[in-house]
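Here the structure comes first, spelled out in structure tokens, and everything after it is commentary.
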Amino acid sequence: MPRLLTALALAVLAPAVAHARATGFLDRSVTVDGQAHRYQVYVPRGAPRHLPVILFLHGSGERGEDGLAQTDVGLGHAIRLHPQRFPAVVVFPQAPANGNWREGRPRALAARARTERECATDRDRVYLAGISMGGNGAWQLAYQDPRRFAAIVAVCEFVAPLHDYPGVVPGAADPAGEVARQVAGVPAWIVHGGADPVVPVEASRRMAAALTAAGSPVHYVELPGVGHDAWDVAFGDAAMVEWLFAQRRGG
């Protein structure tokens, strides 16, 4: 009888134990149009229910299908260094190889939606963060659904066409102004390296000015002498992280 009770107890406790261990960077997959796409979700230890969500969009160097590279730079790197600063569920989708976030948008939104269902998150504290190509992608998602997000963090970002990447508003004469008017009211924190050789710093200057003109709350940080990898400073900034988690949709 004791052995039977022990077996029954283990059977009952096993799901709870498995759930308790499901923290850290977790491998996930979502199917879009019949094709599976790998992504990662970060769940902090001891996480209560209804945590905020950060949807992080990586840059061009992390594209592919391995479902891993996108956690190595930017926000993923900052979480590994300072996990105590990030009491949030973080979704790391991956854009297709040789693609951009216009093509990767369906898989990003599907990964976010699945995560919100699985983790019972705070629907009023869903944040967008992106670096370089992912900054462009963050503005795309915010432009298409501005009421969904409580705040945006965009690092070395751009909204006009650049190199082989599309603009957020195709054909717009004033893309920064168009985006700013659409997302007005959504708080934004923009960071750009003053010596960026890849995405001109003027792109962020124009976006910050456009948001200010639209009456939208924006915090613009320009880093003198810093190149394209401004994301290490941006996500390593405890003040930015504290600001982000203080934002609430409709607040």
Side-chain angles (χ1 to χ4, degrees), residues 55-63 69-70 72-78 95-105 108 127-144 146 149 151-184 186-237 239-240 243-244:
L55 177 60
F56 175 76
L57 305 184
H58 61 76
S60 61
E62 295 74 54
R63 293 174 292 182
Q70 69 272 28
D72 288 339
V73 299
L75 184 51
H77 179 66
N98 301 316
N100 56 61
W101 284 112
R102 189 175 297 279
E103 292 124 347
R105 177 177 177 267
Y127 309 121
L128 263 174
I131 61 174
S132 192
M133 182 187 82
N136 173 268
W139 289 122
Q140 288 182 38
L141 266 62
Y143 182 83
Q144 292 158 357
F149 301 101
I152 302 164
V153 176
V155 183
C156 50
E157 51 76 52
F158 57 99
V159 296
L162 181 69
H163 308 311
D164 295 329
Y165 301 108
V168 173
V169 188
D174 178 19
E178 290 282 348
V179 173
R181 286 186 287 273
Q182 177 76 348
V183 305
V186 181
W189 189 296
I190 299 174
V191 181
H192 211 119
D196 192 331
V198 179
V199 179
V201 67
E202 287 77 12
S204 285
R205 292 174 181 169
R206 285 193 294 269
M207 192 64 221
L211 289 167
T212 299
S216 193
V218 57
H219 190 105
Y220 176 59
V221 179
E222 188 169 311
L223 305 171
V226 175
H228 191 53
D229 58 349
W231 44 78
D232 288 334
V233 177
F235 293 107
D237 185 352
M240 185 280 288
W243 167 88
L244 180 65

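For the pair V169/V159, no side-chain contact is recorded, criterion being any heavy-atom separation below 4.5 Å from C-beta on. No side-chain heavy atom of L75 sits under 4.5 Å from any side-chain heavy atom of V153. Two residues are said to be in side-chain contact when any heavy atoms from C-beta on lie closer than 4.5 Å; V199 and S132 meet this criterion.
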Name every donor-acceptor pair, under 3.5 Å, that has one atom in a side chain of residues 95-103 and the other anywhere in the protein, sequence neighbours excluded.
from : atom 1 : to   : atom 2 : distance (Å)
N100 : OD1    : R102 : N      : 2.7
N100 : OD1    : E103 : N      : 3.4
N100 : ND2    : E103 : OE1    : 3.3
W101 : NE1    : H58  : O      : 3.0
R102 : NH2    : G167 : O      : 2.6
E103 : OE1    : N100 : N      : 2.7

Throw together a table of side-chain donor-acceptor distances under 3.5 angstrom for residues 218-225, partners on residues two or more places apart or in other chains.
from : atom 1 : to   : atom 2 : distance (Å)
Y220 : OH     : E222 : OE1    : 2.7
E222 : OE1    : R205 : NE     : 2.9
E222 : OE2    : R205 : NH2    : 2.7

Take W139 and I152, measure what side-chain contact (heavy atoms from CB on, under 4.5 Å) needs, and give me the verdict at the end. CA-CA 8 Å; W139 289 122; I152 302 164; 3.6 Å; yes

Quick one, W243 with D237, criterion side-chain contact (heavy atoms from CB on, under 4.5 Å). Give me CA distance, side-chain angles, the key distance, then yes/no. CA-CA 10 Å; W243 167 88; D237 185 352; over 6 Å; no

Passes side-chain contact (heavy atoms from CB on, under 4.5 Å), E62 versus D72? Steps please. CA-CA 8 Å; E62 295 74 54; D72 288 339; 5.9 Å; no

Test side-chain contact (heavy atoms from CB on, under 4.5 Å) on F149 and V183; report intermediate values, then the result. CA-CA 10 Å; F149 301 101; V183 305; over 6 Å; no

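Contacts of R206 classified as salt bridge (Lys or Arg N to Asp or Glu O under 4.0 Å), with partners at least two apart in sequence or in another chain: none. Remark: Y143 engages no residue in a side chain to side chain donor-acceptor pair (under 3.5 Å) (not counting sequence neighbours). Shown here are the side chain to side chain donor-acceptor pair (under 3.5 Å) partners of R63, two or more places apart in sequence or in another chain: there are none. In this structure A213 satisfies the side chain to side chain contact (heavy atoms under 4.5 Å, CB included) test with no other residue, sequence neighbours excluded. For A234, the side chain to side chain contact (heavy atoms under 4.5 Å, CB included) partners two or more places apart in sequence, or in a different chain, are V155, V191. With sequence neighbours left out, P200 forms a side chain to side chain contact (heavy atoms under 4.5 Å, CB included) with L162, E202. H192 is linked by a side chain to side chain donor-acceptor pair (under 3.5 Å) to D196, S204, counting only residues two or more places apart in sequence or in another chain. For A195, there are no side chain to side chain contact (heavy atoms under 4.5 Å, CB included) partners two or more places apart in sequence or in a different chain.
A ring-ring contact (aromatic ring centres under 6.0 Å, His included) check over residues 157-180, counting only residues at least two apart or in different chains, returns nothing.
When all heavy atoms of A180 and A214 are compared, the closest pair comes out as O-CB, 3.9 Å. Nearest heavy atoms, A230 versus G193: CB-N, 3.8 Å. Between N136 and E157, the shortest heavy-atom distance links the atoms N-CB, 4.5 Å. Contact detail for A108 and L57: the closest heavy-atom pair is CB-CD2, 4.2 Å.
We find the OG-CE distance between S60 and M133 to be 6.0 Å, quoted to the nearest 0.5 Å. With rounding to the nearest 0.5 Å, the separation of OG in S216 from CE in M207 is 8.0 Å. With values rounded to the nearest 0.5 angstrom, F235 atom CZ is found 5.0 Å from F56 atom CZ. Atom-to-atom distance recorded for I131:CD1 and D229:CG is 9.5 Å, nearest 0.5 angstrom.
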